[in-house]
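Keep in mind the model is a prediction, meaning the values are calculated, not measured.
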Amino acid sequence: MLTSIHESREVPVVGSYDVVVAGGGIAGVAAALAAARAGSRVCLLERYCALGGLATIGNVIIYLPLCDGRGRQVSAGICEEFIRLSVDDVETTLPHLRIEKIPSCWEPGGDPEERLRRRYRTGYNPVTFAYKLERLLLKNRVRILFDTRVCAVDKDGDRIRAVIVENKSGRVALACQAVVDASGDADVCHVAGEQTVSLRSNVRSGWYYVVEKGEVKLASLTKIPRDDGRRAPESGRNYRGDDGGEVTAMILDSRQFIMEDVARRGAACGGLAYPINVPMLASFRMSRRLVGARTLRERDCHRWFDDTLGLTGDWRKPGPVYSLPLSILAAVRTPNLITAGRCISAAGRAWDVTRVIPTCAVTGEAAGAAAAALARDGLKGFGDLDVPRLQAYLKRHRVILDPRLVKDPSA
């Protein structure tokens, strides 16, 4: 019986970049944009054929809050640029599609009292948002490679010197100085030999558009798992995001979940219901992530770190504010590898807080700026960065880094 195959092949190097970003979701787009604006030659790799990940291809179109729920904005920079870009063509609120303009209280000069009652969030059209992200990267001279998956890395000692990918060109390599893993599943961390943690707490889900009695609506289906990432038998079957069979099972079961919901809607409205846009990717919440030098946990709420590169509120409830330090982004065994998005080093409920759109954009900008600085200064790794200089750079680009916002006002 055949048990293994040994491969040996020459892999051509087809490009050289300062920064390679793996993953074209919100975190990856923010990282690529930040690195390019800092002067780096950037290549963004995306396995699907559109940017935005779950936020666009997955139809999860709620841009969660940039504020702490107590009237204070805690996330800005590219994070705020993206929320405004997502609805810059919205003329009026469309409740059945969950599309809404930015609350007027969060416009310049807005009512501070109203900000206590309304959070800084919105909803958008996923098709137009994906297109706008694409044009924004092209405008900033980021090279995009769609239908491209990272399959290995080539190292010189402990540093990555090339990312090996597969696409229609075959198996090719991209030389680079720094790598941002924004894959959502810590794919680069895994192939680079980093320690990772995987969860089997994901459940079938599906945000999809349906025509019901002639009106288009957004339907959101999720069998809610535990918010600390642990296995939840009461939510039905749980799935891993780092196993090919499990990923396929989740996609198949989620699609069946959607079609059963369509049938239920059709029965309720005399057969006048049919789907028009369903997600074409696995809608994982939390799958595999890095184990960093530090792991962000719920108890770190309201804690300031000296290497903080961004802030985020808690989308689930008002009050909590988390610092996002370099030490939860940077890899440990691979000095020129950094993470962004839902595969950063965060655990339990803190992982649930940091996996969403605003935090993905904040960590993406931090990782991209850090990667550009590493490449520009010829550093071996992210541990050699001048953190105060990087923080000053991020502040100049409107990233909020204020220890006073992190402090619990009720303490």
Side-chain angles (χ1 to χ4, degrees), residues 7-25 27-48 51 134 137-194 290 326 329-341 343 364-385 390:
E7 276 191 319
S8 179
R9 67 174 83 176
E10 293 283 333
V11 178
V13 176
V14 297
S16 181
Y17 300 91
D18 297 314
V19 178
V20 167
V21 179
V29 174
L33 182 61
R37 285 177 172 171
S40 286
R41 294 165 297 154
V42 182
C43 184
L44 175 68
L45 313 173
E46 170 52 47
R47 58 181 168 168
Y48 298 109
L51 299 178
E134 186 177 289
L137 289 193
L138 294 176
K139 179 181 177 181
N140 284 271
R141 299 184 180 181
V142 173
R143 187 185 183 198
I144 303 169
L145 286 177
F146 286 128
D147 192 26
T148 298
R149 181 186 290 270
V150 174
C151 53
V153 296
D154 182 71
K155 286 188 171 183
D156 180 9
D158 55 0
R159 297 181 81 253
I160 296 174
R161 65 176 181 178
V163 175
I164 300 172
V165 304
E166 288 191 347
N167 57 24
K168 288 296 184 180
S169 298
R171 192 177 180 97
V172 297
L174 304 170
C176 56
Q177 298 299 313
V179 181
V180 179
D181 186 346
S183 64
D185 306 310
D187 290 338
V188 183
C189 290
H190 175 66
V191 298
E194 290 293 321
L290 169 72
L326 175 64
L329 308 181
V332 175
R333 301 170 182 171
T334 313
N336 63 335
L337 172 61
I338 193 168
T339 60
C343 56
E365 181 169 12
L374 182 149
R376 178 196 65 225
D377 296 338
L379 304 176
K380 179 181 179 181
F382 291 102
D384 301 320
L385 284 175
L390 178 58

Considering only heavy atoms from C-beta outward, does the side chain of I338 approach that of L326 to under 4.5 Å?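 I338 vs L326: side chains touch.
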Start with the C-alpha distance between V179 and V153, add both sets of side-chain angles, then the distance that settles side chain to side chain contact (heavy atoms under 4.5 Å, CB included), and finish with yes or no. CA-CA 10 Å; V179 181; V153 296; over 6 Å; no
Nearest 0.5 Å, what's the [atom1]-[atom2] distance between [X] and [Y]?
X: D18; Y: Q177; atom1: CG; atom2: CD; result: 6.5 Å
X: T334; Y: D158; atom1: OG1; atom2: CG; result: 7.0 Å
X: S16; Y: R161; atom1: OG; atom2: CZ; result: 12.0 Å
X: L374; Y: S40; atom1: CG; atom2: OG; result: 9.5 Å
X: E365; Y: L33; atom1: CD; atom2: CG; result: 8.0 Å
X: E46; Y: I144; atom1: CD; atom2: CD1; result: 10.0 Å

Identified side chain to side chain contact (heavy atoms under 4.5 Å, CB included) counterpart of [X] within the set [options]:
X: F146; options: K168, R47, E134; value: E134
X: L137; options: V21, L51, V42; value: L51
X: V150; options: V163, L174, V20; value: V163

Heavy-atom pair with the smallest gap, counting every atom of [X] and [Y]:
X: E194; Y: L290; result: OE1-CD1, 3.8 Å
X: S183; Y: C343; result: N-SG, 4.4 Å
X: N336; Y: F382; result: C-CE1, 3.4 Å
X: D147; Y: N167; result: O-CB, 3.2 Å
X: L145; Y: C43; result: CD1-SG, 3.9 Å
X: A373; Y: L385; result: CB-CD2, 3.8 Å

Any donor-acceptor N/O pair, [X] side chain to [Y] backbone, under 3.5 Å:
X: R159; Y: K380; answer: yes
X: R333; Y: G193; answer: yes
X: D154; Y: A162; answer: no
X: D181; Y: C189; answer: yes

Tell me if the CZ atom of R149 is crowded by more than 12 foreign heavy atoms within 6.0 Å.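 No, not enclosed.
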